[in-house]
Amino acid sequence: LTVEERDSRVWPAVAGGHATAGRIEYSYDSPYKAELPPGNYILHVAHGLVVAEKAVTIEAGKMAEETLALNAGIARIRAFDTEGASDPLDAAFTLRNEDESINSTEYGTEVSFIAAAGTWRLTVYHGAATLDTPVEVVAGETTELDIVIGTGTIHASATYSGADDAVADGLFFELAPASNPDGEPIVSSYDAKAKLVVPAGDYILRTSAGVTKVMTPVTVAAGGETSVTADLGAGVIAVSRSDAFTGCELLGAKKDIAGNRAYFGFWYDQQFQTVAPAGDYAVVCARGDGTKEEKPATVTAGERTETAM
């Protein structure tokens with residue numbers, strides 16, 4: 001039995017051409033050859049995303065030669081930021097059939113899929129951007145596709161006061177559409193120098209550090225790079241407490257019209273610090289008997305404030 005294909009498998013067959021239990025031969029060789037007892041078999045061939053089966057009869061002392069026509073082609077695909085760009089993107093590509101029972105994902109600047117002739121669905125992933133498009137595979141041909149996904153890159157960082165005092169750690173960036181600044185972010189990062197790859201458009205960069213959160217508008221064009229530095233307008237407040245207290249909380253110094261003060265958090269640690277917006281605060285520490293002691297503290301943007309209780 002000789003088969004001109006790869007990933008070939010042979011099962012015994014019963015009348016009607018159906019495979020019975022138990023694979024009896026398996027090979028990646030091409031051509032594939034096997035010596036088998038006379039009988040009826042099912043030949044199963046897989047190549048890329050293509051699967052084909054054929055009933056084969058082996059007669060005593062005779063050579064059976066079988067060639068399977070896979071009715072398949074090749075889709076060779078690249079993705080670019082913009083039309084006419086010279087450098088393809090390092091992206092992920094998923095090709096699937098209509099009911100998604102067959103699919104495969106490849107990564108790189110250029111990928112190839114071997115697939116049965118017909119219409120397939122291709123999804124390209126680059127950063128937070130995705131693009132879905134049909135792909136027509138033609139039997140015996142190689143289809144070359146250059147996909148324009150239209151992404152840009154935002155480089156995000158933050159400073160305490162807008163001066164040369166970059167925040168080195170403890171940052172969290174979220175990027176939301178400008179049309180829905182408080183909505184679900186499309187991408188996020190904990191890196192102090194974040195690189196956010198997104199579809200071209202207008203966004204709001206939400207930057208968090210400690211109890212500070214600011215929003216900064218940013219726009220990126222397809223194939224472009226935009227740098228944005230969020231000014232936190234904040235400093236660091238550090239509190240140390242004695243064993244006389246069980247924990248401390250940070251409140252805003254001023255009460256609102258209802259008599260409540262803004263709450264910024266509670267810490268059990270004897271020493272803690274956080275990044276807080278510039279302004280006046282109250283450090284309130286509690287004792288085991290329920291009594292409390294309060295001390296005012298002022299945070300200045302770009303500076304450190306230390307308070308001992």
Does a sphere of radius 6.0 Å around NZ in K295 hold more than 12 heavy atoms from other residues, nucleotides or ligands, not counting ones at 6.0 Å or beyond? yes

State the OG-CZ distance between S112 and R76, to the nearest 0.5 angstrom. 4.5 Å

N/O donor-acceptor pairs under 3.5 Å from side chains in residues 151-178, not counting sequence neighbours:
residue : atom : partner : partner atom : Å
T151    : OG1  : D81     : OD1          : 2.3
T151    : OG1  : H126    : ND1          : 3.2
H155    : NE2  : E225    : OE1          : 2.7
S157    : OG   : T229    : OG1          : 3.3
T159    : OG1  : G162    : N            : 2.9
S161    : OG   : D165    : OD2          : 2.6
D165    : OD1  : Y160    : N            : 3.4
D165    : OD1  : S161    : N            : 3.4
D165    : OD2  : S161    : N            : 3.3
E174    : OE1  : R206    : NE           : 3.4

Going from CG on L89 to CD on E110, what distance comes out if it is rounded to the nearest 0.5 angstrom? 13.0 Å

Lys/Arg N to Asp/Glu carboxylate O, E293 vs R287, below 4.0 Å: yes

Quick check on side-chain contact (heavy atoms from CB on, under 4.5 Å): which of T300, V299, V211 does I237 satisfy it with? V299

Assign the ring pair W267 / F272 to parallel, tilted or perpendicular, where the plane angle (0 to 90°) is split at 30° and 60°. parallel

Drop me the distance from F93's CZ to E106's CD, to the nearest 0.5 angstrom. 10.0 Å

Between R304 and E306, is there a side-chain N and carboxylate O pair less than 4.0 Å apart? yes

One thing to verify: whether D132 and R96 come together as a salt bridge, which I'm taking to mean a side-chain N less than 4.0 angstrom from a carboxylate O. yes

Would you confirm whether the ring centroid of F264 sits within less than 6.0 angstrom of the ring centroid of F266? no

Contact between K54 and E66 at the side-chain level, heavy atoms closer than 4.5 Å - yes or no? yes

Spatial distance of atom CZ (R261) from atom NZ (K255) [nearest 0.5 Å]: 6.0 Å

Treating N97 as the side-chain partner and S101 as the backbone partner, does any N or O pair qualify as donor plus acceptor under 3.5 Å? yes

